[in-house]
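Single-structure report; data block below.
Each chain gets a letter, A, B and so on, in the order its sequence line appears, and its residues count up from 1.
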Amino acid sequence: MCRRYQPGAPGVSGAARFWPGARVGVALPMPFPGPLDYLVPEGMALACGDFVSVELGRRQVVGVVWGPGAGDVAAERLKPVAARLDTPPLRAGLRRFIDRAAEYTMTPLGMMLRLATRVPDLGQPPRMRVLLRPTGARPDRMTPARARVLDAAAEHGGAGLAPVELARLAGVSAGVVKGLEAAGCLAPHAVPADPPFPPLFGQPPGGHLSQAQAEAAGLLREAVAAGGFSATLLRGVTGSGKTEVYLEAAAECIARGRQALVLLPEVALTPGFLARVEARFGARPAEWHHGVTGTERRRVWNAAASGEARLVVGARSALFLPFEDLGLIVIDEEHEASFKQEDVVLYHARDMAVLRASVEGGAVVLASATPSLESWANAEAGKYRRIELPDRFGRAVLPAIETVDLRSEAPGRDRWITARLAEATQGRIAAGEQALFFLNRRGYAPLTLCRACGHRFGCPHCDAWMVAHRFRAELMCHQCGHTAPLPSACPGCGRDDRLAACGPGVERLAEEAAELFPGARIEVLSSDLIAGPEAVKARLAAIAAGEADIVIGTQMVAKGHNFPLLTLVGVIDADMGLLGGDLRAAERTFQMLHQVAGRAGRAERPGRALIQTASPDHPVMRAIVSGDAEAFWRGQAELRNLSGMPPYGRLAGVIVSGEDEARVAETARALGRAAPLIERAGAELYGPAPAPIARVRGRVRMRLLIKAPKGLPLQEAIRGWLAAVKVPAAVRVVVDIDPQSFL
DNA sequence: AGCACGCCGACT
DNA sequence: GTCGGCGTGCTC
């Protein structure tokens, strides 16, 4: 029987060496639960972390020596390790991190390793290119062409020049250069093909930190200087200059000879941010995200491993880079949901960052204006140090925030802009300022139905309505991306005059705004209306320059762009995120409202935010209006504590999915019947129930939920429970430890 | 993850 | 009669 892989088995940590005849465990970047055993052949010595090439089935794959063999496969079935690769080994720290991350998230070890080895030419010797340097020798026959080459070579002597470059400088053909090399007048030497990363400044070019910033930076510098693991929650409102503060921590880390990593939410990896880093350090940092491919990917990976890349800015996958000595990890906007990876491997970058820092003996800084309740609670409990950045950097004040009660001040039928918001907008336009209407809904209308026969347009592959997009004249499923042409007649009854759009999207809101404010310049910002980051940048710049009176936008306008003329924010439907009873609905709505409201009045002009809501007495709305975030968090914490929910208890989601509805349902029921196994361990099992979106891309999904007290070894309990249920091959069971969303 | 093996439809 | 579709299962 197959024994479960136990991370941290004897030998993994030390400098264990394996000699010919020994069994070694080789981890492969494939979904195996643990390393596979191979034999060390004659004439080879291996150590943990070594990259090796092994035969798997009938193909050659690259793997990493993980420890001694498990011994669960008969010796005669073992294959020898084919070769030890001439690549710097995977460091013990990263191996330990991969082990523990796989264990925590219940992901097969090989899948975790894959995240750390997704780089081109892995296991190949580093690419070199040949440069030529003058040897000082004179050729037997000197010609004018040869003289020019030798002059050029002498002039650019030191490092040497590429043959093509030398020929170009001397104005000769490649043959002349070749001839001189053959004659021994030019000597080849190999240098790494990838250009090096430029060094970074240690000291800030100008010391223009505010008092509060300087104090916060000082505390962070201390934490970094102390060496060992530490975690800090850096709280600062929008515009308080968090970036400048944590970049000082990065500078300290770099000055101490260690590497620093800044993680940003996927969407925030903007040229603007990189420019700020460049302004501070005098050079661009290394960048790592899915847009970095090919040669550049290899260059950054190698530079992280060699220690040459002192500062890496990246998305969550940068956590798996093979840093030589990682001393600091910053998670900017740590509350952002996009830090939770939801596809192949499920992990939360915030939690994995804390894990990696603890393994590496480094500092973690979690930065946010509106921290996640998890991080807030950790700071309350004294597990994280907490640093506050109270003031806005500069003279601007926070906007005045008020609610507009949609029950008493409702706009007309199929209208979404209240009279109060319209009036305020009118005033701002007259003053030459800008207004922002925030509605987190792309397209024209979220639902289209036929008033004659009641037909509703749903996605054929998902349990979701097709969203009307008038601008592109199509219906679109926001779940799977399926599109269909916007029909003119109802497919149910054939009538062509009774199709009705229900609910608002940004396109529809723009229509209403155009009627209300004739002559106003209206700009709609929605990801599906703008192609590419360059176009987004251009539109944002145009708006900042005043080329719009009213901006209507989805999520994408909520973050990090400064519009100096923007002094009014209207949230069209603040209740939208509160529906559905999600555990984090209130928290997320608060974070979103805070962020959107913060768009108003960043420069010298005071701002105002109008929050349209049907529940102005909801704790979220009260907290937003009063600005008392602490009270809100305390309230949320109390609710979660009473119900034993995270961060005071633990959750795990179990998603059962497949194309065959009957088999999925049967597997889910079998898991449900095995409930005693998990209840015996002290946890509670809920479900199975159809997932909130029961069908996505043609796959049926059911879910179960496990709730456990904090101290319980949750993963162990789940493993024992899952092992008792036979899962057919066509059904997939995925465990989501600490689920964020419940879709 | 790949890749082979295997068992049922439309072609030379 | 074969080529080939991708479901199922294995790889130390």
Within 45 degrees of the axis of the six-membered ring of A:Trp19 and under 6.0 Å from its centre: does A:Arg17 put its NZ or CZ there? yes
Heavy-atom nearest nucleotide on DNA chain B taken for A:Met111 and for A:Arg58; more 5' hit belongs to A:Met111
Can you tell me how the ring of A:Phe97 sits relative to the ring of A:Phe320, calling it parallel under 30°, perpendicular over 60° and tilted otherwise? tilted
Integer-rounded Å distance: B:dG2 P and A:Leu28 CG: 12 Å
N/O to N/O distances under 3.5 Å, protein versus nucleotides 6-11 of chain C:
unit_1	atom_1	unit_2	atom_2	d
C:dT11	OP1	A:Arg77	NH2	3.4
C:dT11	O3'	A:Gly57	N	3.1

Do A:Tyr347 and A:Tyr104 have ring centroids that are under 6.0 Å from one another? no
List, one per line, each side-chain donor-acceptor pair under 3.5 Å for residues 356-365 of chain A, sequence neighbours excluded.
unit_1	atom_1	unit_2	atom_2	d
A:Arg356	NE	A:Glu360	OE2	3.1
A:Arg356	NH1	A:Leu319	O	2.7
A:Arg356	NH1	A:Leu321	O	2.7
A:Arg356	NH2	A:Leu321	O	3.2
A:Arg356	NH2	A:Glu360	OE2	3.1
A:Ser358	OG	A:Leu355	O	2.8
A:Glu360	OE1	A:Arg91	NH2	3.1

Under 3.5 Å, which donor-acceptor pairs do the side chains of residues 673-685 of chain A form with other protein atoms, sequence neighbours left out?
unit_1	atom_1	unit_2	atom_2	d
A:Arg673	NH2	A:Glu666	OE2	3.1
A:Glu684	OE1	A:Tyr686	OH	2.5

